Amino acid sequence: MTLGEALIGLLEARGVDTVFGIPGVHTVELYRGLAGSGIRHVTPRHEADAGFMADGYFRASGKPGVCFLITGPGVTNAITPMAQARADGIPMLIISGVNPVESHGREDGLLHELPDQAATLASVAKLSLVVRRPEDLERVVSRAFHAMLNERPGPVHIDIPIDVMSLPAAPAAPTSGTEPAALHPLAPHPQDLERAAATLNTAESVVILAGGGARGAGAVLQRVAERLDAPVISTVNGRGLMAGHSLDVPASPSLPSVRTLLAEADAVLALGTQFGPTDYDMYRDLGFPDLKRLIRVDTSPAQLSRGVVSGDGLLADAGLFLQALQAHLPDAAHTPSGAARAEAARQAARADLPEGYDALIDVLERVSAAVPGCRMVGDSTQLTYAGNLYFGPSGPSRWFNAATGYGALGYGPPAAIGAALGDPDTPVICLTGDGGLQFCLAELGAAMDEATPVIFLVWNNKGYQEIETYMVDQGITAIGVDPSPPDFTRIAAAYRMPSERIVGTDALEDALGRAVSMGTPYLIEILTS
C-alpha cells in the first residue's frame, strides 16, 4: 500500500464520502486508492470552485468538505474559498501535492513551485502541515481533523510531497485511534452556567443573538427562548434556527429597529457570534448600541475578545450551554411579552429597509412558497443583500451566502452544487447575479456532470448595480460597473442544461414549477427593468 492509498483509508475512517478536485501530475498518487473506495470524486472546473463546493457541502451535510489540489496554482486558487471558510467558521480540508522534499526552499524553477507552499497556505488556514515521512501520515491527519473541527472550526491544509506520496505505508488499523469527523463540543463550566442563569432569571426583557456558532442547536434554542420569553435575532449564518416561531426576528442587527430591540433589553445572550461589522454595522455608522448585561457564549477564546468586548464571556459550545441552561430556568415567563416584542421588531425592521428592498424580499418569499423547504445559496447579488437584511428561511442552514465576512464573488453556484451533493433531499435554489455567475460559468457543466438539480436563479441587471448605486451616492462617476453579460440561456444550452428567460418576476412561479418538474439542473434568467 502506498501513502496515497493509506490516506484514502484514513479519510474513510473519519466519515469522508466526497472529495472535490482536479487531478494533476502532482496529485495522481492520491487517486490510486480512490476507485476502490467508497469516496465520491467531484470534478469542478476551477480550484476555487472546489473550495466553494466543499463549503456548501459542509453547510448542507454537516460533514467537512475535502479537496485534492495540485501544488502551486491549484492551492493558490483555493486561498479565496479558504478565506471565506475561515471568516464563516466552516470546516474545510485542503490536501495538496507539493514538489519533492529536497527541492523545498531552493526555487530551482520546478513546475508549480512556490517558495514555501505550507507557509503560503498558513496565512489563511488554521493549520498548515507537511507529511515528510509515511509514518507521520496518521498523526498529521488526526491533527488536521482536530484543528478543523474544534474551537472555532475553519480550513486546514496538508501538503504531501510527490516523492512521499508513492512510498510504502501501513494501512491504519481499525483500533489505531482514528475517529469519525465529529466535533468535540466544549461543555460550560458549572460556575459560568450558574452566573449566566442568575443574570437571565433576574431580567425582564431578554433578547438572544444567534450566530453561526449555534448551528445544530435550533431545537434547544427554541425551548430556552420560550422559557426566557426572549426574541431571537439571527445573523446571516444563524438564519432559520427559529424558523416560523413567534419569537423569531430574522433581521439584521444593522437595522435601526433591531438595534432598538437590543438597546431596550435588560439582558442579552449572544450565542456563537463574532459581532463582525458585516452583520452588526453593515452601513458603518457606528450606531450599534451598548448592550446591558451581555453574556457571550463561544468555543473560541479569541472570538470572545473580538467585536463587542464588554460583557461576560463564557467558553462553551452553544448547544451544550443551552442544554445545561434549561435546568436553571423557569418553565415559562411570568408576564410573557416576547412574542409581541418580536412582532413589533419584525414589522419595524421591514419598514427600515432601503428603497426597493421590500420588493426583492417579496421575490424571495415567493420563491420560498413556490419551492417549499428549499435551501437558498446566495452569491453577492441584490436578492442576497436584501435577504441578509430581512428574510426568514424554512429551517436551519437553508439560507447562506458569501455576501458577509470575506465576501467572495462567484461563491453561489459552486456552493449550491456542493449543498445539493451534501443533502440531495432538499431542493436548492442558487441566487446569483449576471456579474457573479460570470466568475464561474463553467460550473454549470459540473452541475450537469453530477446531476445535481440546482435551480440557478440569475438576477440579470446587466452589471454591478449595487456598486454603481454606491459610487453615485458617494459622488463618484460610475466606471467599470457595466460588464456585458452573455446570453445565459445559450450558455446553459451549451452545457445541455434546460433554461428559460423571463422579463421581470410576474412569471416566476410558473418558471420555478417547470424547473422543479424537470428534476435536473435548470437555469432561470430574470431580466430586471
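A quick note: this is a predicted structure, and the numbers were derived from the prediction, not measured. For the single chain, residues carry numbers from 1 onward in sequence order.
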Closest heavy-atom contact between Trp399 and Leu383?
-> CH2-O, 4.2 Å
Between the side chains of Asp159 and Ser96, is a donor N or O closer than 3.5 angstrom to an acceptor N or O?
-> yes
Just by distance, do the side chain of Thr489 and the backbone of Ser499 share a donor-acceptor pair under 3.5 Å?
-> no
Take Leu360 and Trp459 through the side chain to side chain contact (heavy atoms under 4.5 Å, CB included) test and state the conclusion after the steps.
-> CA-CA 11 Å; Leu360 296 172; Trp459 190 255; 3.5 Å; yes
Looking only at heavy atoms, the pair that brings Pro498 and Met518 closest together is CG-CE, 3.7 Å
Under the side chain to side chain contact (heavy atoms under 4.5 Å, CB included) test, which residues partner Ala420, sequence neighbours left out?
-> Val428, Thr452, Val454
Within the distance-only criterion (no hydrogens, no angle test), does the side chain of Arg239 pair as donor or acceptor with the backbone N or O of Phe391 below 3.5 angstrom?
-> yes
Would a distance-only check, ignoring hydrogens and angles, find a side-chain to backbone donor-acceptor pair under 3.5 Å from Arg14 to Leu10?
-> yes
Donor-acceptor pair between Gln303 and Asp298 side chains, under 3.5 angstrom | no
Return the minimal non-hydrogen interatomic distance between Glu443 and Pro44, and the atom names on each side.
-> OE1-CA, 3.5 Å
Please round to the nearest 0.5 Å and tell me the distance separating atom NE2 of His46 and atom SG of Cys440.
-> 10.5 Å
Quick one: does Arg86's side chain have a donor or acceptor within less than 3.5 Å of a partner on Ala125's backbone?
-> yes
Classify the side-chain pair Glu500/Tyr522 by whether it contains a donor and acceptor separated by less than 3.5 Å.
-> yes
The side-chain contact (heavy atoms from CB on, under 4.5 Å) partner of Thr235 among Asn388, Leu271, Leu209, Asp279 is Asp279
Taken to the nearest 0.5 Å, the spacing of Thr381 OG1 from Leu457 CG works out to 9.5 Å
Over all heavy atoms of both residues, which pair between Ala169 and Pro134 is shortest? Give the atoms and the distance, please.
-> CB-CB, 4.0 Å
Residues, nucleotides or ligands: over 12 heavy atoms within 6.0 Å of Arg496 CZ = no
Taking atom types as modelled, is there a side-chain donor on Asp55 or Gln84 under 3.5 Å from an acceptor on the other?
-> no
Counting distance only, does the side-chain N/O of Arg45 pair as donor-acceptor with the main-chain N or O of Thr43 below 3.5 Å?
-> yes
Heavy-atom closest pair (Ala408 atom, Phe52 atom, distance to 0.1 Å) is CB-CZ, 3.8 Å
Any salt bridge between Asp423 and Arg398, counting N to O under 4.0 Å?
-> no
From CG (Leu431) to OG (Ser380), nearest 0.5 Å | 11.5 Å
Check whether the side chains of Thr2 and Glu5 place a donor and an acceptor atom closer than 3.5 Å, and report yes or no.
-> yes
Would you indicate whether the side-chain heavy atoms of Val481 and Tyr470 approach each other to under 4.5 Å?
-> no
Ring center gap for His41 and Tyr31 short of 6.0 angstrom | yes
Minimum side-chain heavy-atom gap Pro277-Arg284 below 4.5 Å = no
Just how far is it from atom CG of Leu523 to atom CZ of Arg490, taken to the nearest 0.5 Å?
-> 14.5 Å
Say you draw a straight line from CD1 of Ile22 to CG of Leu69; how long is it, rounded to the nearest 0.5 Å?
-> 7.5 Å
Evaluate side chain to side chain contact (heavy atoms under 4.5 Å, CB included) for Thr520 paired with Met497, printing each intermediate quantity in order.
-> CA-CA 8 Å; Thr520 66; Met497 180 184 294; over 6 Å; no
Using atom types as modelled and distance alone, determine if a side-chain donor or acceptor of Thr426 lies under 3.5 Å from a backbone N or O of Cys374.
-> no
So, does Thr120 use its side chain to make a donor-acceptor pair with the main chain of Asp116 at under 3.5 Å?
-> yes
Please test Leu421 against Met53 for side chain to side chain contact (heavy atoms under 4.5 Å, CB included), starting from the C-alpha separation and ending with a verdict.
-> CA-CA 9 Å; Leu421 290 166; Met53 287 180 185; 5.5 Å; no
So how far is it from Phe20 CZ to Tyr57 OH, rounded to the nearest 0.5 Å?
-> 6.5 Å
Please check if atom CZ in Arg32 has more than 12 non-hydrogen atoms from other residues, nucleotides or ligands closer than 6.0 Å.
-> no
Is there a side-chain contact between Phe488 and Arg501 (heavy atoms, below 4.5 Å)?
-> no
Short question: side chain of Lys126, backbone of Arg152 - any donor-acceptor pair under 3.5 Å?
-> yes
Asp88 vs Arg59 side-chain heavy atoms within contact, under 4.5 Å | yes
Closest heavy-atom contact between Gly319 and Ala217?
-> CA-CB, 3.8 Å
Sub-4.5 Å side-chain heavy-atom contact between Tyr411 and Val377 = yes
In terms of side-chain geometry, is the basic nitrogen of Glu450 or Arg40 positioned less than 4.0 Å from the acidic oxygen of its partner?
-> yes
Under the 3.5 angstrom rule, does the side chain of Ser517 hit a backbone N or O of Arg514 as a donor-acceptor pair?
-> yes
With no hydrogens and no angle check, is any side-chain donor or acceptor of Ser234 less than 3.5 Å from a backbone partner on Pro250?
-> no
